[in-house]
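These notes are about the structure you will find just below.
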Amino acid sequence: MTKKDIVRTISEEVGLTQQQTKEIVQKTFDAIIDTLLRDGRIELRNFGVFEVKTRAARRARNPRTGEEVTVPKKHVVTFKPGKYMESIVQNLDLETFDSIDSKPSKPSGTNNPDSSAPPNHSGRWDTD
């Protein structure tokens with residue numbers, strides 16, 4: 001599922017246009033990022049907790065060359081699912097999930113069969 005799919009689903013459920021829904025979804029994502037940058041943590045009740053954590057610098061090995069490299073200290077975002085999400089996932093019907101999981105996925109950039117544009121590999125999630 002992509003952001004576009006989420007927008008389409010919510011749009012149909014609440015009766016807003018996809019453009020209006022996209023703006024709301026985007027503003028929600030922006031608010032999460034802004035809060036993480038400002039406070040380092042955001043708790044969404046029944047959903048989960050996003051938190052910025054610091055990973056210390058470390059030594060690692062390049063798997064291709066075997067050469068030792070230094071990985072610098074960095075900040076990462078972690079997510080811990082809430083109890084409600086955990087319980088829903090734990091009660092997931094495994095046979096149904098396995099059949100969903102085994103479906104071949106579409107290659108990136110093929111959501112619109114009429115589109116001849118190259119796939120977007122920019123890493124931005126707000127451009128689709």
Starting at [atom1] of [X], measure out to [atom2] of [Y] and round the result to the nearest 0.5 Å.
X     : Y     : atom1 : atom2 : answer
Glu51 : His75 : CD    : NE2   : 13.0 Å
Phe79 : Leu44 : CZ    : CG    : 7.5 Å
Lys22 : Ser11 : NZ    : OG    : 12.5 Å
Asn62 : Arg64 : CG    : CZ    : 7.5 Å
Glu43 : Lys80 : CD    : NZ    : 10.0 Å
Ile10 : Gln20 : CD1   : CD    : 13.0 Å

Single-linkage hydrophobic cluster [X]~[Y], side-chain heavy atoms < 4.5 angstrom:
X     : Y     : value
Leu92 : Tyr84 : no
Ile32 : Met85 : yes
Phe29 : Val76 : no
Val52 : Ile42 : yes

Are [X] and [Y] packed together at the side-chain level, in the sense that at least one heavy-atom pair is separated by less than 4.5 angstrom?
X     : Y     : value
Met1  : Thr9  : yes
Thr21 : Gln18 : no
Leu16 : Ile24 : yes
Leu36 : Ile33 : no

Practice task
Any chance you could lay out the side-chain contact (heavy atoms from CB on, under 4.5 Å) test for Thr2 and Asp5, step after step, and finish with the verdict?
Solution key: CA-CA 5 Å; Thr2 64; Asp5 297 328; 3.3 Å; yes

Check: Within a reach of under 6.0 Å around CD of Glu67, are more than 12 heavy atoms found that belong to other residues, nucleotides or ligands?
Finding: no

- Message: Taking atom CZ as the centre, does Arg38 end up with more than 12 heavy-atom neighbours from other residues, nucleotides or ligands that are less than 6.0 angstrom away?
- Response: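 Yes.
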
May I ask you to say whether Asp30 pairs ionically with Lys27, meaning some side-chain N is under 4.0 Å from a carboxylate O?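 Between Lys27 and Asp30 there is no salt bridge, as every charged N stays at least 4.0 Å from the carboxylate O atoms.
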
Next on the checklist: Ignoring hydrogens, what is the shortest heavy-atom contact between Thr54 and Lys73? Give both atom names and the distance.
Outcome noted: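 Thr54 and Lys73 have their closest heavy atoms at CG2-CE, 3.5 Å.
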
Between Arg61 and Val69 the two heavy atoms that sit nearest each other are N-CG2, 4.5 Å

